[in-house]
Visitor: 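After the structure tokens below, expect a handful of questions from me.
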Amino acid sequence: MKYTALKGVHDILPPDIFIWQKVEKAVKDIFSAYGFQELRPPIIEATEIFIRSIGETTDIVEKEMYTFTDKAGRHITLRPEGTAPAVRCYIENHLYTLPPPQKFFYYGPMFRYERPQAGRFRQFFQIGAEAFGVEDPKIDSEIISMLKLFFERLGLKNLNFEVNSIGCEKCRPDYKKALLNFFSDKINGFCPDCKRRFEQNPLRILDCKVDECIQLRQRAPRVTEFLCSNCRKHFDTFLSFLKLLNIPYVINPNMVRGLDYYTRTTFEVTCEHLGSQNAVAAGGRYDKLVEDFGGPPTPAIGFAAGMERITSLLKSSGNREIPAPAVFIATIGSPAEKEGLVIASTLRGKGIWVEVGYSGHSLKSQMRKADRLSAEYVLIIGDDEINSGKLKWKRLSDRTQGEISFNEVYNFFIAPYL
RNA sequence: GUGAGUGUAGCUCAACGGUUAGAGCGCUGGACUGUGGCUCCAGGUGUUGGGGGUUCGAGUCCCCUCACUCACCCCA
């Protein structure tokens with residue numbers, strides 16, 4: 001084979017594409033019921049945007065970005081995530097002058113240079129949603145509720161909703177200090193990764209998978225114990241709304257998010273059937289990011305859901321709906337073939353999916369073809385039908401058949417589809 | 001970036017180091033010459049991922065390389 005797709009990227013084609021379309025439809029239906037409108041930012045942005053938002057020392061920025069300089073020497077990056085571009089878009093287009101909340105969703109490919117594995121790719125599609133301008137935890141609960149409804153619409157089961165609060169710029173430093181203090185005499189027992197984490201990002205020690213580290217952190221202070229009164233109140237109210245909305249959740253104080261911009265509420269929707277990368281959606285508040293980007297102080301919250309992870313769950317739970325033509329026109333002989341082509345064209349003009357046979361195949365093989373396509377009806381036209389002025393129809397599902405005159409065809413097929 | 005596993009027909013997979021690398025599915029045609037699904041018959045395809053080595057002989061063993069898969073790191 002001369003050319004193959006690049007590592008970690010994939011063609012999406014039938015029948016998988018039907019699952020993708022199903023998800024895309026659910027996004028539009030559910031998200032619009034919550035008043036989220038679509039945003040289509042570009043796929044490339046100035047590199048600086050990602051460095052400043054995601055964080056200079058994160059893996060995404062340090063080693064995973066597709067970055068290049070264009071012909072004018074600008075530093076450009078293929079977006080590795082969607083929040084930073086959405087924030088840039090919000091500020092640049094002065095959307096903060098509109099009444100809050102401003103709620104948006106977006107859908108499209110993201111790019112990270114990583115080793116591919118189950119649920120992880122170099123080009124991957126995310127569904128993102130962002131709500132700007134509201135601090136009220138009510139909107140946090142609406143976001144979770146929207147996700148729950150979205151997954152329910154898709155028929156996904158066995159999902160876990162994990163929530164946490166990582167505090168604000170006031171209380172988080174205190175927690176970080178307490179954590180460092182607690183771990184300082186345990187460094188020697190850590191795995192090599194956690195020794196590194198202790199220096200770079202001690203919060204990450206909390207979700208290490210190595211047994212020794214899990215043991216050592218048993219009695220570690222919990223972030224929820226260090227929340228300032230405002231954050232505490234925000235979190236408690238958020239949780240009370242989740243209860244009100246009947247959303248089963250688990251507080252996971254060890255859940256830390258990888259991106260620097262998060263504040264207060266964070267959450268993840270996970271599923272055991274996904275393999276090691278078990279999050280189908282994740283997000284949180286980023287109350288300082290708009291301000292950091294030069295906009296007015298604007299609280300905000302958002303999430304991203306991984307399209308490939310969602311479609312893989314749908315695939316493994318037996319989603320196999322393949323669209324089928326309404327009519328297959330089988331013809332014998334040249335006059336009939338011409339007649340069939342005209343009928344096909346007319347029905348298609350009414351939006352009916354019609355397939356025709358090709359290259360003079362036998363009636364038998366055309367019938368077989370119609371069957372393979374799962375066509376609902378077959379129209380049979382041959383010399384007899386041309387002469388009698390009546391063509392034959394057959395419904396494949398129950399083998400019923402009959403005759404109709406040529407000028408009845410349109411009512412016969414079009415009426416049921418109006 | 002680190003580690004492990006797998007590469008054979010369009011797909012899923014067989015083949016103790018030993019003849020001409022097979023089967024199922026799918027596809028096309030026929031039996032049924034104008035009626036699909038079931039059955040039967042017929043038909044075609046391989047640089048065994050690529051390169052090198054060991055051997056009388058390599059799909060099989062060894063080395064290199066590439067790709068894919070899974071896991072770590074990290075993350076949707």
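What you see is a predicted model, and the numbers here were worked out from it, not measured in a lab. Within every chain, numbering begins at 1; the chains are lettered A, B, ... in the order of the sequence lines, protein sequences first and strands thereafter.
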Visitor: Side chains of Tyr107(A) and Glu24(A): is there a donor and an acceptor less than 3.5 Å apart?
Guide: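 There is such a pair (donor and acceptor under 3.5 Å, judged by atom type) between the side chains of Tyr107(A) and Glu24(A).
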Visitor: Report the residue (Leu6(A) or Leu396(A)) whose heavy-atom-nearest nucleotide on RNA chain B is the more 5′ of the two.
Guide: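 Mapping each residue to its closest nucleotide by heavy atoms, the 5'-most match is Leu396(A).
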Visitor: For rC75(B), does either OP1 or OP2 sit under 4.0 Å from a side-chain N or O belonging to Arg204(A)?
Guide: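 Checking rC75(B) against Arg204(A), a side-chain N or O does come within under 4.0 Å of OP1 or OP2.
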Visitor: For Glu268(A) and Ala279(A), which heavy atoms make the closest approach, and how far apart are they?
Guide: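 Answer, listing the atom of Glu268(A) first, then Ala279(A): OE1-CB, 4.2 Å.
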Visitor: Could you tell me whether the side chain of Lys364(A) has a donor or acceptor atom within less than 3.5 Å of a complementary atom in the base of rG34(B)?
Guide: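 For Lys364(A), whose side chain was compared with the base of rG34(B), there is no donor-acceptor pair (under 3.5 Å).
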Visitor: Does a side-chain N or O from Arg368(A) land closer than 4.0 Å to OP1 or OP2 of rU28(B), or not?
Guide: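 No, Arg368(A) has no side-chain N/O under 4.0 Å of OP1/OP2 on rU28(B).
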Visitor: Using a cut-off of strictly less than 4.0 Å, decide whether Arg196(A) has a side-chain nitrogen or oxygen near OP1 or OP2 of rC72(B).
Guide: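 For Arg196(A), the contact criterion (side-chain N or O under 4.0 Å from OP1 or OP2 of rC72(B)) is not met.
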Visitor: Please compare Val210(A) and Glu385(A) by the position of their nearest nucleotide in RNA chain B and report the one closer to 5'.
Guide: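 Final value for this comparison: Glu385(A).
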Visitor: Just one of Gln126(A), Glu130(A), Arg88(A) clears the side-chain hydrogen bond (donor to acceptor under 3.5 Å, both in side chains) bar with Thr83(A), so which one?
Guide: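 The single option meeting the side-chain hydrogen bond (donor to acceptor under 3.5 Å, both in side chains) with Thr83(A) is Glu130(A).
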Visitor: For rU69(B), take OP1 and OP2 only and decide whether either is under 4.0 Å from a side-chain N or O of Gln117(A).
Guide: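 For rU69(B), neither OP1 nor OP2 has a side-chain N or O of Gln117(A) closer than 4.0 Å.
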Visitor: Indicate, with yes or no, if the rings of Phe31(A) and Phe150(A) have centres closer together than 6.0 Å.
Guide: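 Yes, close enough.
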Visitor: To the nearest Å, how far apart are Asn387(A) CG and rG34(B) P?
Guide: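 Computing the Asn387(A):CG to rG34(B):P distance gives 16 Å.
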Visitor: Has the side chain of Arg399(A) got a donor or acceptor that lies under 3.5 Å from a partner of the other kind on the base of rG37(B)?
Guide: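 Answer is yes: a donor-acceptor pair is held.
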